[in-house]
Protein chains: 2
Amino acid sequence: MRGLHADTGYLLYRLGLRSGQLFNASLQESGLRLRHYAVLRLLATTEGALQRELSARLGYDPSAIVGLVDDLEKLGFAERRPSPDDRRSRIVVLTDEGRTFLQDTDEAGTQVTNDLLGPLDAGERKTLHALLLRIAGDGLK
Amino acid sequence: MRGLHADTGYLLYRLGLRSGQLFNASLQESGLRLRHYAVLRLLATTEGALQRELSARLGYDPSAIVGLVDDLEKLGFAERRPSPDDRRSRIVVLTDEGRTFLQDTDEAGTQVTNDLLGPLDAGERKTLHALLLRIAGDGLK
DNA sequence: AACAACTATTGACGACACCAATTATTGCTC
DNA sequence: GAGCAATAATTGGTGTCGTCAATAGTTGTT
């Protein structure tokens, strides 16, 4: 009979849980959670994104995006702007406050990754990251 | 500004989610979920475990173990037996039905892992698994 | 004998993945 | 160009899950 962690899939599941917990604990004092942080990080790379783009790229349900952007707007980290092309869409953009928040919390994020990857040296971390990216595939790119 | 998946921690979080979803989908027809499956797999290796041991080894809250064992008992896959040493404890053991269930679903489990690790060859999978085990550390052993 | 520690259990709460339905708008097509 | 399928954002509901607090029964210690 195979052991509990013979399955890479189950290992991934458990480590994913742990990773999310560490991230959320690290973000707790800011009032945000990992999901909000992911939205901010994505917005920082795209200079404005439709909510459906956020949904597709982050893998969150469209209905979840609504609440996340609501929260970010309340905190002044993001704004909804009307799309000139399509009046159904809203363009979500990062505010200056959001950008400085990202800069301030950047160190905390890398600290979490350090805790998580503890026993691995730099080379192993690179290897792991590359393998995970391969698994992630286009859906999460 | 760093990209969304520059963080190995976030990658792990997302892949853990996906892995759990795949597992649960695969187990759906059996009426069990990943958590039940993990309990069964652990029981198969230990020949009887206290519920607090299940809680510690699997990382699930003690209160969660109660419901999981309830479900497994209803399906006839596991049993609670009184502990001769300590009347507070219950020893959870795998039944014959549970054992045959594990054998029948073993293939489904490896299928999930195959889907998940799709683009990786055998050597890369070994590497990934070893790295993840290192990260997991003693807590998940 | 009294008291702290532990096991299993119950209950509550928030977060979240998932799905269905609605409204406003757009694009297609006949 | 009128009707209709498709789309974007939103609301609401459901079940799972992680977390914590509280309790009853039991054990070990002092």
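Below, chains carry the letters A, B, ... as their sequence lines are ordered, and counting in each starts from 1.
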S.K.: Quickly work out the A/Ile65 CD1 to D/dA8 P distance and round it to whole Å.
M.R.: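 Those two atoms, CD1 and P, are 13 Å apart.
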
S.K.: Of the options C/dT10, C/dT9, D/dG12, whose atoms approach the side-chain atoms of B/Arg80 most closely?
M.R.: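 The answer is C/dT9.
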
S.K.: Using a heavy-atom cut-off of 4.0 Å across all strands, would you classify A/Ser89 as base, sugar-phosphate, or nothing?
M.R.: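 Sugar-phosphate contact only.
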
S.K.: What's the CG-C1' distance between B/Asp86 and D/dG28, to the nearest Å?
M.R.: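 After rounding, the gap between these two atoms is 10 Å.
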
S.K.: Using a heavy-atom cut-off of under 4.0 Å over every strand shown, decide if B/Leu17 touches base, sugar-phosphate, or nothing.
M.R.: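 The answer is sugar-phosphate, as B/Leu17 gets under 4.0 Å only of primed atoms, P, OP1 or OP2.
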
S.K.: Treat each ILVMFWY residue as a node, draw an edge where side-chain heavy atoms are under 4.5 Å apart, and state whether B/Leu40 and B/Ile91 are in one component.
M.R.: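 Unlinked, B/Leu40 and B/Ile91 end up in two clusters.
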
S.K.: Give B/Phe23 one of three labels, base, sugar-phosphate or nothing, depending on what nucleic acid heavy atoms sit under 4.0 Å from its own.
M.R.: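 It contacts nothing in the nucleic acid.
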
S.K.: Under 4.0 Å between a side-chain N/O of B/Arg90 and OP1 or OP2 of C/dA8, yes or no?
M.R.: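 Answer is no, no contact under 4.0 Å.
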
S.K.: Find which nucleotide of DNA chain D each of A/Arg52 and A/Tyr13 is nearest to by heavy atoms, and output the residue with the more 5' nucleotide.
M.R.: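 Nearer the 5' end of the strand: A/Arg52.
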
S.K.: Less than 3.5 Å between a donor and an acceptor, one on the side chain of B/Arg88 and one on the base of D/dT26, is that the case here?
M.R.: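 By the distance-only test, yes, there is a pair.
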
S.K.: Decide yes or no on side-chain hydrogen bond (donor to acceptor under 3.5 Å, both in side chains) for A/Gln51 and A/Arg80, but give the supporting numbers first.
M.R.: CA-CA 9 Å; A/Gln51 295 189 199; A/Arg80 273 184 251 240; 2.8 Å; yes

S.K.: Counting only heavy atoms not in A/Asp104, do more than 12 sit closer than 6.0 Å to its CG atom?
M.R.: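 Count over threshold, so yes.
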
S.K.: Please state how far atom CZ in B/Arg14 lies from atom C1' in C/dC16, giving the value in whole angstrom units.
M.R.: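 It is 13 Å, rounded to the nearest whole Å.
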
S.K.: Have a look at A/Asp61 and say if it touches a base, only the backbone sugar-phosphate, or nothing, with a 4.0 Å heavy-atom cut-off.
M.R.: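 A/Asp61: base contact, heavy atoms under 4.0 Å.
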
S.K.: Please tell me which of the listed nucleotides, D/dT16, D/dT26, C/dA8, lies nearest to the side chain of B/Val66?
M.R.: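 Among D/dT16, D/dT26, C/dA8, the one nearest the side chain of B/Val66 is C/dA8.
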
S.K.: I'd like to know whether CG of B/Asp96 has more than 12 heavy-atom contacts from other residues, nucleotides or ligands below 6.0 angstrom.
M.R.: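 No, the 6.0 Å shell around CG holds no more than 12 heavy atoms from other groups.
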
S.K.: Using heavy-atom distances to pick each residue's nearest nucleotide on DNA chain C, tell me which of A/Tyr60 and B/Leu50 is more 5'.
M.R.: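 Comparing both residues, the 5'-ward one is B/Leu50.
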
